[in-house]
Trainee: 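Before anything else, here's the structure in question.
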There are 2 protein chains.
Amino acid sequence: MTRADRPDPGDLDLQKQVCFALYAASRALTALYRPVLDRLGLTYPQYLVMLVLWERGPTSVKALGESLQLDSGTLSPLLKRLEAAGLVDRARDPRDERSVVVSLTPSGDRLREQATGIPRAIAEATGVPASELASLRDTLRKITEVATATPDKETT
Amino acid sequence: MTRADRPDPGDLDLQKQVCFALYAASRALTALYRPVLDRLGLTYPQYLVMLVLWERGPTSVKALGESLQLDSGTLSPLLKRLEAAGLVDRARDPRDERSVVVSLTPSGDRLREQATGIPRAIAEATGVPASELASLRDTLRKITEVATATPDKETT
DNA sequence: TGATGTTTAGTTGTGCGCAATCTAAATGCT
DNA sequence: AGCATTTAGATTGCGCACAACTAAACATCA
């Protein structure tokens with residue numbers, strides 16, 4: 001709070017921006033996953049959906065969206081592709097016909113075994129110590145929490 | 001190296017994965033930029049392109065791609081939209097007709113002034129101390145460097 | 001010099017993300 | 001019960017990302 005909020009031209013330096021570092025790192029890490037996931041026939045977002053299903057079993061589209069911070073505009077077509085691949089089933093919840101429950105097929109369940117070693121392999125490939133990765137993850141979670149909690153902090 | 005590389009089922013916990021934290025944080029931060037950039041008529045990737053142009057002046061498509069880690073499949077249509085918006089010009093380099101040089105129009109140059117305060121405003125909105133953001137950025141850069149440097153570390 | 005290979009952009013096709021809109025089912029209110 | 005409101009999911013449209021391919025310009029060298 002010294003003499004802040006006077007815009008510094010240097011602020012527009014691409015390399016100084018955390019947001020760009022985040023954007024670049026996210027794509028780079030996803031690219032690391034790609035050849036591995038290709039063997040499972042999954043894209044990275046599809047893999048995230050499978051992670052939730054492997055962990056929690058049958059899950060509604062709404063709950064999937066809350067876990068992954070994705071809306072139905074993204075999930076609906078993605079789940080349709082997973083269903084076409086024979087990995088998941090979709091069915092209306094008889095107790096609430098608005099809700100669609102996604103569950104694993106036997107084929108989707110079996111895929112779990114092939115996925116078990118992936119996270120560790122990727123973590124090691126980055127060459128960053130596990131402790132540093134853990135603190136990185138915590139900082140990222142803090143940022144995500146603040147950023148998503150903010151409805152629209154407009155000073156107008 | 002104690003008793004590692006035996007796959008632990010817990011490894012598939014979504015919340016433990018750095019990659020998901022990265023993916024979620026990147027989208028959350030981009031969402032924070034969105035209302036601000038909307039006022040400039042820019043998307044986030046378009047803003048990144050403008051950052052490079054504001055900093056370096058006329059730049060080839062290839063150099064833009066190297067700075068932002070994006071290929072022509074992404075940049076060509078993006079630049080076409082920036083050109084349609086009247087913010088940039090595109091012209092073949094007379095010295096090497098393969099290369100296309102992107103430069104700012106007066107309108108694109110003026111936009112810089114409106115963008116100057118953005119990074120600081122976003123950084124403050126996250127509530128994370130500047131020092132922590134700086135170390136976060138450095139860790140992210142390290143990960144990006146390793147991940148992009150790896151051509152394909154397949155043990156086959 | 002002419003054949004060959006490389007570099008640079010652009011195009012096409014697929015799959016996200018996300019805003020906006022739509023439909024149907026459930027819920028609340030009187 | 002009757003009707004407005006809310007909720008869950010799907011659809012549409014646009015803009016990235018990225019792989020695969022094409023075409024033109026340049027480089028190289030027998």
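All chains are named by letter (A, B, ...) in the order of the sequence lines, taking the proteins before the strands, and each is independently numbered beginning at 1.
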Trainee: Any donor-acceptor pair under 3.5 Å linking the side chain of A:E145 with the backbone of A:K142?
Mentor: no

Trainee: Can a donor-acceptor pair be found, under 3.5 Å and without considering hydrogens, that links the side chain of B:T116 to the backbone of B:E113?
Mentor: yes

Trainee: Starting at the 5' end of nucleotides 11-18 of chain D, put B wherever the base has a protein heavy atom under 4.0 Å, S where only the sugar-phosphate does, and a dash everywhere else.
Mentor: B---SSBB

Trainee: Would you name the heavy atoms of A:T105 and A:G86 that are closest together and state the gap between them?
Mentor: OG1-O, 2.6 Å

Trainee: Does A:E66 form a salt bridge (charged side-chain N to carboxylate O under 4.0 Å, His left out) with A:K62? I'd like the steps, not just the answer.
Mentor: CA-CA 6 Å; A:E66 284 166 354; A:K62 176 176 170 55; 3.0 Å; yes

Trainee: Listing request: all salt bridge (charged side-chain N to carboxylate O under 4.0 Å, His left out) pairs with a residue in residues 93-105 of chain A, at least two apart in sequence or in separate chains.
Mentor: A:D96-A:R98

Trainee: Can you give me the closest heavy-atom contact between A:L78 and A:P45, atom names plus distance?
Mentor: CD1-CB, 3.7 Å

Trainee: Judged by atom type as modelled, is there a donor-acceptor pair below 3.5 Å linking the side chain of B:S60 to the main-chain atoms of B:S99?
Mentor: no

Trainee: Of the non-hydrogen atoms in A:V128 and A:E132, which two are nearest, and what is the gap between them?
Mentor: CG1-CB, 3.7 Å

Trainee: Provide the closest heavy-atom pair for A:S26 versus B:S26 in the form atom of the first, atom of the second, distance.
Mentor: CB-CB, 4.1 Å

Trainee: Contact list please: residues 47-60 of chain A against DNA chain D, heavy atoms, distance less than 4.0 Å, in numerical order.
Mentor: A:S60

Trainee: Scan the side chains in residues 49-57 of chain B for donor-acceptor partners under 3.5 Å anywhere in the protein, sequence neighbours excluded, and list what turns up.
Mentor:
unit_1, atom_1, unit_2, atom_2, d
B:W54, NE1, B:G108, O, 3.0
B:R56, NH1, B:S67, OG, 3.2
B:R56, NH2, B:S67, OG, 2.9

Trainee: Along DNA chain C, 5' to 3', what are the outermost nucleotides having an atom less than 4.0 Å from a heavy atom of chain A?
Mentor: C:dG15 to C:dA26

Trainee: Any residue in residues 92-102 of chain A with a heavy atom nearer than 4.0 angstrom to DNA chain C? Just list them by number, or reply none.
Mentor: A:D96, A:E97, A:R98

Trainee: Can you name the nearest heavy-atom pair linking A:L75 to A:V61, along with the distance?
Mentor: CD1-O, 3.8 Å

Trainee: What's the spacing between A:D89 CG and A:L104 CG if we round to 0.5 Å?
Mentor: 9.0 Å

